[in-house]
Asker: 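If you scroll down you'll find the structure; I have some questions about it.
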2 protein chains.
Amino acid sequence: MHKPAKVTIEDVAAAAGVSRQTVSRVINNGPNVKPAVRQRVEAMVEQLGYVPNLSARRMGGARSYLILSINDRARTFENWTSGRGNDWVDQMLYGGMSECERHNYHMVLELIDTDAGTTIPQIARAVGSLRPDGVILTPPHCDNLELVAWLERQGIPCARVGHYEGGNFVDVFMDDEGAMREVTRHLLDLGHRSIGFLAGPLNYGPSQKRRKAFREALAEAGIPPEAGPIGAGNFYFDMAVSVLETMLAAPSPPTAIIADNDKMAFAALHVAADRGLKVPDDLSVISFEDTPGVRFSVPPLTAIRQPTAAMVGKACAQLIALSKGEEGMGAFELPYEFVVRATTKAPRG
Amino acid sequence: MHKPAKVTIEDVAAAAGVSRQTVSRVINNGPNVKPAVRQRVEAMVEQLGYVPNLSARRMGGARSYLILSINDRARTFENWTSGRGNDWVDQMLYGGMSECERHNYHMVLELIDTDAGTTIPQIARAVGSLRPDGVILTPPHCDNLELVAWLERQGIPCARVGHYEGGNFVDVFMDDEGAMREVTRHLLDLGHRSIGFLAGPLNYGPSQKRRKAFREALAEAGIPPEAGPIGAGNFYFDMAVSVLETMLAAPSPPTAIIADNDKMAFAALHVAADRGLKVPDDLSVISFEDTPGVRFSVPPLTAIRQPTAAMVGKACAQLIALSKGEEGMGAFELPYEFVVRATTKAPRG
DNA sequence: ACATATTTTGTGAACGCTCTCAATTGACTT
DNA sequence: AAGTCAATTGAGAGCGTTCACAAAATATGT
């Protein structure tokens, strides 16, 4: 078997009887090519199965056709069981890749051991060798000011997912406060008068907003703060279990729980089962994440569905636009969805 | 803010007072460099923060430092709810990326719409532009003979995950038959005499092997075939529900269910709940996948844990070795784990 | 028809590396 | 001390593109 010779732009040029540069113009959709010539070149590209070599393109031009996605290793499946991982990563990748594909870009992933404290050197290495056209920062990296400043200094456009703060960035996020208000009111309308919130970490922006909105929604309904306990402070299953044990042991325990992510909602389901509480009859549960598996829990969870994939997709789209010299910076709010399944109901009695 | 000038190999060479080529030797760990010189160059690399440009490396040399991972779009989270997606992808990425990172390689993903029938052109495009050093094929692409042949013709080393068949490939897999035997015996030992198998599709290699082993294990124990019904034939939640309804409506229904993946195991949990059957008292359930969320189901599933991430990691490692001119082809069996949690128990009475 | 704009096409250089091969250095023989 | 061989270093070419131009072709105005 002879190895098929790699066809280059010169081959296409020769076959079409034009110069290298004209072919380049055609494949880049450049202006000033006679329609007839363009067509002839396109036909040859097709016939020879020509695909531009990305490395060569990068060498010659300014673009790399690469988007780098920075992800927290601790949030990958490896840590699912410890309670930190989730399929955020899966979803984010999906959103990003789909968008890249559409523009013939490619997505390269980097997993960062955030806790190791070597984030910037690690990213510097990847950025230096890949020279991506843009970088997507997902939590918790989007909140890393030092990193963001470094990228800015390098002149690499950067998109933050789940973060909004202004500046010369692409920020993509959802309306966390609105979602929390909607969820809390749903519970209030059902008749709940004591609601617990299993909150995420204090330094996580979206969680902060949700806390605030939770407080406000209860206050508006005239519910006293002690009937709206907020359990602190990470996203882990195990901690949620113990926080919940305490909450439910109170004199007049909450009849509904809002969990800041799915894993803590699962924890609520477990604790309820352990204490012989039926969900939703004895305890309503709502999650604030809605990763795909949630539909299959027993019973299926009512949840706020975050537009995770869409957010990363949007981030990619903006970075790609930017790399083409188009406008792209800005803040983009994407709609969430409130999915009512089987874990909310009016309280007993 | 002045943009930091990109430091090139020439800069390092000048700073170290050696030639370009010597620096190249040092960064590639080449032989024949005086220790003193090597050290001096390394110091300059460090000091200037030099990172080799991947594209330039690709242009000059033969390697691209890129591994391409081909994934079935239908198996991403997008299709979780329809029952096809899962976090396989997440795990596979993790395994691959971790390995790449170790060797300063990078992993690029490609999501293929398998059903669209344009697999090869899609991959040709990615392979042509990226020129990866190797390609990782995950199910169902690893079974795509046409694709495998195409890659072979291109001279691109290719690793198949969850597939073993010989030939000049890297095949990484687990002992499906052994796992099925172990699981079936576990149930038999517990006292079950009627066991249902919710099997995956017939054309999926590993599922075939599991069917076979299931049959054999029952036969060995003297269980008649009608007490070992096999429910056909995909990996979806919804279909599993209906198959299961039928199985459990039989005159002497199974007291234990083996599901070929987690989603079908969840389906068993749902159906049991609907029929008022307690798991594991009235029905034992075992899954053959063990994605991370399984631990949090109510009750937590007993399962075979597939070494998914490890398999992709191994695949990457072999491809990287190959790209360095080392040996790498071969078949590699990785160990699975049988995790007994809370969904298996002796049958009632 | 002529000069002048505009569109279209082509040429040479550059990008940052690795390859091949030649030149230099140093160590070891005899 | 000269000769041989291996270890170390360097120089030039080439990889496949795009860029900045220059050249050619065509259109426009008078």
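So you know, we letter chains A, B, ... as the sequences are listed, proteins then strands, and number each from 1.
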Asker: Over how many whole Å does the gap from B/Asn29 atom CG to C/dT18 atom C1' extend?
Answerer: 15 Å

Asker: Given 3.5 Å as the limit, does a donor-acceptor pair link the side chain of B/Asp133 with the main chain of B/Ile67, or not?
Answerer: no

Asker: CD of B/Glu326: more than 12 outside heavy atoms within 6.0 angstrom?
Answerer: yes

Asker: Rounded off to whole Å, could you give me the NZ-to-C1' distance for the A/Lys34 and D/dT26 pair?
Answerer: 8 Å

Asker: If we only count heavy atoms from C-beta on, is the A/Thr118 to A/Arg125 side-chain gap below 4.5 Å?
Answerer: no

Asker: Where each residue is assigned the nucleotide of DNA chain C containing its nearest heavy atom, which of A/Val33 and B/Val23 is assigned the position nearer the 5′ end?
Answerer: A/Val33

Asker: How bent is the helix from C/dA1-D/dT30 to C/dT30-D/dA1, measuring the angle between the end axes built from five pairs each, rounded to 10°?
Answerer: 30°

Asker: Any non-hydrogen side-chain atom of A/Val18 less than 4.5 Å from a side-chain atom of A/Arg40?
Answerer: yes

Asker: Looking only at heavy atoms, what is the nearest atom pair of A/Leu322 and A/Glu327, with distance?
Answerer: CD1-C, 3.9 Å

Asker: What I'd like to find out is whether the side chain of A/Cys316 reaches to under 4.5 Å of the side chain of A/Tyr105, using heavy atoms alone.
Answerer: no

Asker: Does any part of the side chain of B/Val26, heavy atoms only, come nearer than 4.5 Å to the side chain of B/Val45, both counted from C-beta?
Answerer: no

Asker: When the distance from CG of A/Leu54 to P of D/dC15 is rounded to whole Å, what number comes out?
Answerer: 19 Å

Asker: Could you check if a side-chain atom of B/Tyr50 sits within less than 4.5 angstrom of a side-chain atom of B/Ile27, using non-hydrogen atoms only?
Answerer: yes

Asker: Base contacts versus sugar-phosphate-only contacts with protein, heavy atoms under 4.0 Å: please encode nucleotides 10-17 of chain C as B, S and - from 5' to 3'.
Answerer: BBBB-BBB

Asker: Report yes if at least one side-chain N or O of A/Asn32 is closer than 4.0 Å to OP1 or OP2 of C/dT8; otherwise report no.
Answerer: yes

